[in-house]
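To start, the structure under review is shown below, and the notes come after it.
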Amino acid sequence: MINMSIPPVKEQLEIIERGTIEIVPREELVRKLENAHKTQKPLRVKLGCDPTRPDLHLGHSVILRKMRQFQDLGHHTILIIGDFTAMIGDPSGANKTRPALTREDVVANGRSYFEQASKILDPEKTEIVYNSEWLAPMSFEDVIRLASHYTVARMIERDDFTKRYQNSDTISLHEFLYPLAQGQDSVHLKSDIELGGIDQKFNLLVGRHLQKEFGQSPQICLMMPLLVGTDGTQKMSKSYDNYIGIDEKPEDMYGKALSIPDELIFPYYELVTDLDQGRLPEIRKRAASDPRNTKHELAWTITRMYHGAEMADQARAHFEKTVIQKDVPDEMPEFVFSTDSGHGLLDIIRETGFVPSSSEARRLITQGGITLDGEKITDPRFHFEAGRDGEHILKVGKRKFGKLIFKS
RNA sequence: GGGGAGGUACCGAAGCGGUCAAACGGGGCAGACUGUAAAUCUGUUGGCUACGCCUUCACAGGUUCGAAUCCUGUCCUCCCCA
């Protein structure tokens, strides 16, 4: 809003290239940006999203933030909800056949995705489209035509196809249609730039290829690195349980951010925070010389971006208290029990929902993972007698707390 | 269309008539330790009304005192040939 005009190339590139891993081809991007500045005609920037997984985490934020930067530079951004592809299943990686989503699910997920993405994107400047709009009406003939523009040899060049093929894993024929469908999106939208993770490179290139086939100016493929998850080894993903969700509670966000290995401090600053570009070199140095404080600041910054400064302060205080001082947090969920009858500790733990089964609760007790008012309970048969009112602090594992309230 | 191999817990992978709730590795969880929810070490890892009981080894039947292990059928996957 402050600056509606598209700035000169140099200024644009500086922002666009922050954190990018690859731009194919860069010279063409420069040309497009130059032209956009000259004519003040915004470029069409496309990003596809998968509505089967509506929970966004910092990994997604890397690309969404890139999209946001294009918005701030005055370009036109299009978020594609991949509802059509979602209703059939998922193409890459996962070998699980996902249950076909219903129309309602997809629409609901798409909405939820946009809602979360709006924490990063400027919703006013985001055009939302559903790819079923143009993919669903395609006839079998249209699909055959489309498929004729690509070869099997090139298709199995795709990294995960190659690997799965070598591993003798199943590859369903229809999976070959996904890159084509995604490419068709680019053709339909006449995109100038498509954003994606580096794992999307193949698919983005297919879009570029198809646009050429259809006589369009081919899109620039701009790839971001995959954000490594909190485990420090694999890409951030819900299925590896190494993610930090953008909807997560401030305390969890803070704690999880703090658990990343030191080597990730800088990449996180670069890719997921809004820290001023100019300060990055300084951060890189500090991450090495003073990892502890730099990481705390990172955790604070991330929390602040999604919950505001006040909550970030609270999250920090919470962490200091519970993890460093091993104290009890100020706030915790409360569970009320009637004293009309006695209660076995096992049942109580299970009823808090902190563990999935009473076997698990029993295990925790046996292993010393259960604390009541600061004292370890190791007897699985421990129980609260009837008729005694009172409050107790229950600690389950490392960081789950609950206040047990007994009253008649 | 023909021939061969195979489907085991969260994942990978042993087991091939009882001693199997099922070796081993990874992951998860917990304990100790720590600037950290990292690293490391140790323990643990189907469920329950819990020293016993119940349900699991693709699915459905069958043989047997007894099956993940043998037989029959079904579904699915991979490899070779056409």
Side-chain angles (χ1 to χ4, degrees), chain A residues 57-58 93-97 161 163-173 175 228-245 248-268 286-300 302-303 315-327 329 341-372 374-383 394-401:
Chain A
H57 52 63
L58 292 185
N95 44 4
K96 285 175 206 152
T97 359
F161 282 151
K163 276 188 197 139
R164 286 163 64 196
Y165 192 65
Q166 281 167 353
N167 282 338
S168 300
D169 287 336
T170 315
I171 302 173
S172 292
L173 195 53
E175 294 185 56
V228 176
T230 53
D231 60 356
T233 50
Q234 284 173 296
K235 71 164 180 177
M236 184 173 285
S237 158
K238 207 169 179 197
S239 36
Y240 299 143
D241 196 26
N242 62 356
Y243 67 99
I244 301 175
E248 272 188 270
K249 286 187 291 185
E251 308 88 68
D252 291 339
M253 222 177 219
Y254 194 96
K256 283 187 179 187
L258 211 58
S259 78
I260 62 171
D262 293 356
E263 312 83 73
L264 291 182
I265 297 175
F266 180 71
Y268 270 51
R286 282 199 52 218
S289 62
D290 182 15
R292 192 185 94 89
N293 290 318
T294 318
K295 202 191 284 182
H296 270 282
E297 277 161 36
L298 170 68
W300 186 88
I302 291 173
T303 312
R316 168 150 202 166
H318 178 269
F319 186 87
E320 301 256 341
K321 197 164 192 192
T322 59
V323 180
I324 297 175
Q325 293 166 29
K326 296 193 191 301
D327 204 345
S341 61
H343 297 274
L345 179 58
L346 231 42
D347 296 327
I348 284 186
I349 294 171
R350 198 186 41 192
E351 276 169 48
T352 59
F354 291 147
V355 297
S357 69
S358 62
S359 293
E360 183 66 27
R362 177 180 293 268
R363 242 172 255 135
L364 278 170
I365 292 175
T366 316
Q367 295 190 116
I370 299 292
T371 296
L372 200 62
E375 277 186 44
K376 241 176 221 185
I377 305 294
T378 49
D379 179 10
R381 283 166 309 185
F382 185 95
H383 68 278
L394 174 74
K395 185 184 179 194
V396 178
K398 277 178 206 160
R399 59 198 121 96
K400 291 174 199 149
F401 292 90

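Numbers restart at 1 for each chain; the letters A, B, ... are given by sequence-line order, proteins then strands.
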State the [atom1]-[atom2] distance between [X] and [Y], to the nearest 0.5 angstrom.
X	Y	atom1	atom2	answer
A:I302	A:I260	CD1	CD1	6.5 Å
A:I265	A:L298	CD1	CG	7.0 Å
A:I349	A:L394	CD1	CG	6.0 Å

Open item on the list: Using 30° and 60° as the class boundaries, would you call the ring planes of A:F319 and A:Y254 parallel, tilted or perpendicular?
Closed with: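 The rings of A:F319 and A:Y254 sit tilted, inter-plane angle from 30° to 60°.
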Open item on the list: What does the B/S/- profile of nucleotides 3-8 of chain B look like, 5' to 3', with a 4.0 Å heavy-atom cutoff to protein?
Closed with: ------
TODO: Indicate for each nucleotide in nucleotides 28-38 of chain B, in 5' to 3' sequence, whether protein heavy atoms under 4.0 Å reach the base (B), only the sugar-phosphate (S), or nothing (-).
DONE: -SSSS-BBBBS
Task: Spacing of A:L345 atom CG relative to B:U49 atom P, expressed in whole Å - done: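 So the CG-P distance, A:L345 to B:U49, works out to 14 Å.
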Task: Ring-face cation of A:K256 near A:Y243 (centre distance under 6.0 Å, axis angle within 45°) - done: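 Yes; both conditions hold, so A:K256 lies above the ring face of A:Y243.
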Open item on the list: More than 12 heavy atoms of other residues, nucleotides or ligands under 6.0 Å from CD of A:Q325: yes or no?
Closed with: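 More than 12 within 6.0 Å, yes.
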Gap in Å between the two [atom1] atoms, one belonging to [N] and one to [M], rounded:
N	M	atom1	answer
B:C78	B:G28	C1'	30 Å
B:A58	B:U44	P	27 Å
B:G43	B:C48	C1'	23 Å
B:C20	B:G73	P	32 Å
B:G15	B:C65	P	28 Å
B:C59	B:G7	C1'	11 Å
B:G18	B:A22	P	15 Å
B:U55	B:G6	P	30 Å

So, using ring-ring contact (aromatic ring centres under 6.0 Å, His included) as the criterion, who are the partners of [X] when residues are at least two apart?
X	result
A:F401	none
A:H343	A:F337
A:Y165	none

Open item on the list: Can you tell me the base-pairing partner of B:C75? Count Watson-Crick or G-U wobble geometry only, both distances below 3.5 Å, and say none if there is no partner.
Closed with: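 The base-pairing partner of B:C75, which may sit in any strand shown, is B:G7.
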Task: Opposite nucleotide pairing with B:A30, Watson-Crick or G-U, both atom distances under 3.5 Å - done: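 Pairing partner: B:U42.
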Task: Under 3.5 Å: donor-acceptor pair, side chain of A:S172, backbone of A:E175 - done: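 Answer holds: no.
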TODO: Run the salt-bridge test on A:E297 and A:R286 with the 4.0 Å N-O cut-off and return the result as yes or no.
DONE: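 Yes.
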TODO: Would you tell me if any nitrogen or oxygen in the side chain of A:S357 comes within less than 4.0 Å of OP1 or OP2 on B:C48?
DONE: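 It does, given that an N or O in the side chain of A:S357 lies less than 4.0 Å from OP1 or OP2 of B:C48.
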Open item on the list: side-chain contact (heavy atoms from CB on, under 4.5 Å), that's the test. Do A:K295 and A:Y268 meet it? Break it down for me.
Closed with: CA-CA 10 Å; A:K295 202 191 284 182; A:Y268 270 51; over 6 Å; no
Please list, for nucleotides 50-52 of chain B, all pairs of protein and nucleotide N/O atoms separated by less than 3.5 Å.
from	atom 1	to	atom 2	distance (Å)
B:A50	N6	A:S358	OG	2.9
B:A50	N1	A:R362	NE	2.7
B:A50	N3	A:R362	NE	3.2

Open item on the list: Need one value for A:R350: base, sugar-phosphate or nothing, where a base atom within 4.0 Å counts as base even if backbone is also close, heavy atoms only.
Closed with: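 Sugar-phosphate: the residue A:R350, judged by heavy atoms under 4.0 Å, touches backbone atoms but no base.
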Open item on the list: With the 90 degree cut-off around zero defining syn, does B:C51 come out syn or anti?
Closed with: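 Base orientation relative to the sugar is syn.
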